[in-house]
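Before any comments, here is the structure.
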Protein chains: 2
Amino acid sequence: MAAEKQTTEVRQDEIARAALELVGTVGMKGLSMAAIARKVGIVPSGIYRHFSSKDDVIDAILDYLQRGLSGNVRAIALLEVTALERLHSLLMKHIDLVRQNKSIPVVVFSTEVYNGSPHRRVKLRGIIEAYLAEIAAMVGQGQLEGSIREALDPKAVAVMFMGLVQPSTILWHLSAGEYDAMKQAETAWPIFCSAIERRTPSERKVIME
Amino acid sequence: MAAEKQTTEVRQDEIARAALELVGTVGMKGLSMAAIARKVGIVPSGIYRHFSSKDDVIDAILDYLQRGLSGNVRAIALLEVTALERLHSLLMKHIDLVRQNKSIPVVVFSTEVYNGSPHRRVKLRGIIEAYLAEIAAMVGQGQLEGSIREALDPKAVAVMFMGLVQPSTILWHLSAGEYDAMKQAETAWPIFCSAIERRTPSERKVIME
DNA sequence: CAATAATGTGAACCATCATTCACATGGAGA
DNA sequence: TCTCCATGTGAATGATGGTTCACATTATTG
């Protein structure tokens with residue numbers, strides 16, 4: 001029973017998506033060409049019509065990941081709110097993205113990716129640095145607006161921002177979805193916020209107990 | 001050339017340590033029984049005199065990891081300083097541990113570990129939860145001392161604390177040691193600190209610009 | 001309608017690697 | 001010194017999995 005033919009663009013997309021989903025369920029170790037092919041509905045060797053190797057497929061996964069992250073940022077950028085509110089939205093969107101896409105941390109933290117080939121490590125680093133740069137830009141904007149303290153280094157704050165997400169997603173993974181990453185984010189956000197926001201006299205009273 | 005005989009306790013220790021170091025250099029994917037054996041100085045099949053399977057070796061790696069983390073905490077617990085200073089020390093020690101032991105994030109984030117067998121995932125979760133609990137205890141102590149705001153949930157603060165370390169270590173890994181995780185920690189700490197410490201009138205002035 | 005290129009298929013190949021087993025060896029106790 | 005058990009060895013095994021290749025089939029183009 002032969003699968004119906006598709007253009008190589010369609011197949012590349014299907015294969016990358018299938019690989020991405022597989023990584024989320026069976027992990028990087030369980031990611032085999034056979035499994036990908038089965039999910040797509042073709043035969044293992046058929047993948048080589050559209051990718052030259054398994055490494056190429058993994059690269060495609062990274063591209064997907066990048067699109068997801070930058071899509072988030074661009075959606076947020078359109079909001080007409082203060083920088084702090086923008087960051088808050090981004091935090092929630094990021095956690096949602098990770099929850100729906102269990103593969104993200106698996107890919108980011110897998111040795112296959114960043115111990116595999118040097119260019120892969122560089123690529124992943126580029127993705128993360130770009131994301132950090134966009135967060136840092138939001139922070140900088142907040143400083144211009146006057147909502148974020150000017151003494152802070154935007155890049156450092158951006159790295160801290162990522163720290164709001166990562167431990168939660170790890171715990172969420174380890175607990176098989178039991179741990180409530182969203183709740184942690186909601187709890188952590190005001191605390192983080194109180195550290196970076198410019199304090200007005202009225203707000204100062206709220207922070208103190 | 002036969003290796004000189006060792007007691008099984010010594011060999012188990014050597015094998016676990018060799019595996020731990022290997023994970024740091026070649027990653028979880030490159031961790032083979034052959035590579036471990038070579039590093040120890042015996043033959044692959046010899047490992048099976050001391051471990052029943054590769055999974056057993058990986059479990060031993062987790063035990064090593066746990067000892068490293070709890071060793072840190074216990075060393076800190078002896079310090080006769082305020083809770084905030086204790087946390088600061090722990091932060092620095094943790095980053096140092098990760099830097100010297102490149103294997104830690106690799107193990108924590110590898111699918112082989114937490115997608116492998118359910119008991120392994122539970123074990124790893126236990127290690128992390130225990131670490132979090134000890135941090136939370138420090139936070140709680142700080143609240144009793146009056147140096148940390150009482151309104152905060154110690155567990156949530158503990159998770160945030162881990163967030164101070166994780167992104168840094170990832171960036172450090174991806175940049176092949178170029179990124180300065182220590183510097184980020186030193187920058188982030190006072191910001192984090194300003195969010196959790198109980199504010200006295202004099203300190204309040206410092207925080208405002 | 002014919003021809004050509006692109007896509008899909010199944011078998012085979014080859015490398016890697018965990019694991020087993022029969023055998024060798026060396027040290028501790030009788 | 002002799003014996004026995006734990007440890008080390010090397011060859012063999014079996015499974016997994018990425019990759020290749022010759023061939024079939026479908027779509028497209030002239």
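The analysis underlying the following values was restricted to heavy atoms, covering all of them including side chains, and did not include hydrogens, waters or symmetry mates. Residue numbers begin at 1 in each chain, while the letters A, B, ... track the order of the sequences.
- Between the CD atom of Glu4(A) and the P atom of dA27(D) there is a distance of 8 Å, rounded to whole Å.
- Summarising the geometry, the separation between CZ on Arg38(A) and P on dG10(C) is reported as 14 Å, rounded to the nearest angstrom.
- Atom CD1 in Ile36(B) sits about 11 Å away from atom P in dC17(C), given to the nearest Å.
- By the 4.0 Å N-to-carboxylate-O rule, Glu21(B) lies close enough to Lys39(B) to be salt-bridged with it.
- Computed from coordinates, the Gln6(B) CD to dG8(D) P distance equals 7 Å when rounded to whole Å.
- A salt bridge is defined here as a Lys NZ or Arg NE, NH1 or NH2 lying under 4.0 Å from an Asp or Glu carboxylate O, and Glu129(B) with Lys155(B) meets this definition.
- Using a 30° and 60° split on the angle between ring planes, Tyr131(B) and His94(B) fall in the perpendicular class, above 60°.
- Interface residues of residues 40-50 of chain A facing DNA chain C, ordered by number: Ile42(A), Val43(A), Ser45(A), Gly46(A), Arg49(A), His50(A); criterion, heavy-atom separation under 4.0 Å.
- Atom CD in Glu9(B) sits about 13 Å away from atom P in dA6(D), given to the nearest Å.
- Contact between the side-chain N/O atoms of Lys5(B) and the OP1/OP2 oxygens of dG8(D) is not found at any separation under 4.0 Å.
- For the residue pair His50(A) and Asp56(A), no side-chain donor N or O sits within less than 3.5 Å of a side-chain acceptor on the partner.
- Relative orientation of the Trp189(B) and Phe161(B) rings is perpendicular, given thresholds of 30° and 60° on the angle between their planes.
- If you check residues 10-33 of chain A against DNA chain D, the residues with a heavy atom closer than 4.0 Å are Leu31(A), Ser32(A), Met33(A), listed by number.
- At a cut-off of 3.5 Å, with distance as the only test, no side-chain donor of Asn101(A) or Tyr64(A) sits close to an acceptor on the other residue.
- Shortest non-hydrogen contact noted between Val113(A) and Val107(A) is CG2-O, 3.5 Å.
- Atom OG1 of Thr169(B) is separated from atom CE of Met162(B) by 9.0 Å, given to the nearest 0.5 angstrom.
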